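Please read all numbers here as calculations on a predicted model, not as lab measurements.
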Amino acid sequence: MKRRKGRAAPPRAPASRANHRYPPNWRHTDWLVPFINGAACIHHGHDTDADDHSRCGPAIFCCPHAAVRYVTLFPESGEARATWQATRPSDLMTWIHNGVHVFYFVFCDPDRRDGLLAIGLGGSWLHDALWHRTSLDTYAGQADRLM
């Protein structure tokens, strides 16, 4: 048997059980990112030391459905004033290469039809979620319930 050259593709993550609503032409690998004045909306993950930005990172959303629910819940948030843009994982990787360590995923709850969850992920968990190697459903038990 002759071996083929090329790169092995990682297996796709299991499909999410959540109630995502994707618009036409949406790539299921994209993330929805809110921007204000060209910069992503940042979640500030520091509670004690205002100078420690190691837990600060962009808020990224699984789909437009999650974004609409978030803005409805938090009408005074920066995200409510933002311009939203579908963003590829490869573009988000440049942020990691520039020193961002944590992304805050806001995603549809797989167990509650209109539920909304949020979790900050870093390290290998961030890479796996960002590239859809792991479904965000996996983190539902550890995530904060927003709705």
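- With contacts defined as side-chain heavy-atom distances shorter than 4.5 Å, the pair Val102/Leu121 does not qualify.
- Below 30°, between 30° and 60°, or above 60°: for Phe103 and Trp95 the angle between ring planes is between 30° and 60°, a tilted geometry.
- Put simply, OG1 on Thr138 and CG on Asp128 are 9.5 Å apart, with the number rounded to the nearest 0.5 Å.
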Result block: side-chain N/O donor-acceptor pairs under 3.5 angstrom for residues 139-147, not counting sequence neighbours:
{"from": "Arg145", "atom 1": "NH1", "to": "Asp109", "atom 2": "OD2", "distance (Å)": "2.4"}
{"from": "Arg145", "atom 1": "NH2", "to": "Asp109", "atom 2": "OD2", "distance (Å)": "3.2"}

Can you list the steps and then say if Ile96 with Leu130 is a side-chain contact (heavy atoms from CB on, under 4.5 Å)? CA-CA 11 Å; Ile96 293 170; Leu130 194 61; 3.9 Å; yes
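- Looking at heavy atoms from C-beta onward, Cys41 lies out of side-chain contact with Trp84 at the 4.5 angstrom threshold.
- Under the 4.5 Å side-chain criterion, counting only non-hydrogen atoms from C-beta, Leu116 is not in contact with Phe107.
- Taking 4.5 Å as the limit, some side-chain heavy atom of Arg69 sits within range of a side-chain heavy atom of Cys108.
- Leu32 places none of its side-chain heavy atoms less than 4.5 Å from the side chain of Gln85.
- Using a 4.5 Å cut-off on side-chain heavy atoms (C-beta onward), Phe61 and Thr87 make no contact.
- Closest heavy-atom contact between Gly57 and Val100: CA-CG1, 4.3 Å.
- Rounding to the nearest 0.5 Å gives a distance of 11.0 Å between OG1 of Thr83 and CZ of Arg81.
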Between Arg133 and His127, does the side-chain contact (heavy atoms from CB on, under 4.5 Å) criterion hold? Intermediate values first, please. CA-CA 8 Å; Arg133 290 186 285 242; His127 289 269; 3.8 Å; yes
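- Side chain of Thr72 to main chain of Val68: a donor-acceptor pair is present (N/O by atom type, distance under 3.5 Å, no hydrogens or angles).
- Residues Tyr104 and Ile42 are not in side-chain contact: their nearest non-hydrogen atoms beyond the backbone lie 4.5 Å or more apart.
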Take Met93 and Trp131 through the side-chain contact (heavy atoms from CB on, under 4.5 Å) test and state the conclusion after the steps. CA-CA 10 Å; Met93 284 299 294; Trp131 288 102; 3.5 Å; yes
Would you check, one step at a time, whether the test side-chain contact (heavy atoms from CB on, under 4.5 Å) holds for Leu126 with Phe105? CA-CA 9 Å; Leu126 169 58; Phe105 293 85; 3.7 Å; yes
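- Applying the side-chain contact (heavy atoms from CB on, under 4.5 Å) test between Glu79 and each of Phe35, Phe74, Tyr70 identifies Tyr70 as the sole match.
- Contact check for Val106 versus Cys62: no side-chain heavy atoms found under the 4.5 Å cut-off.
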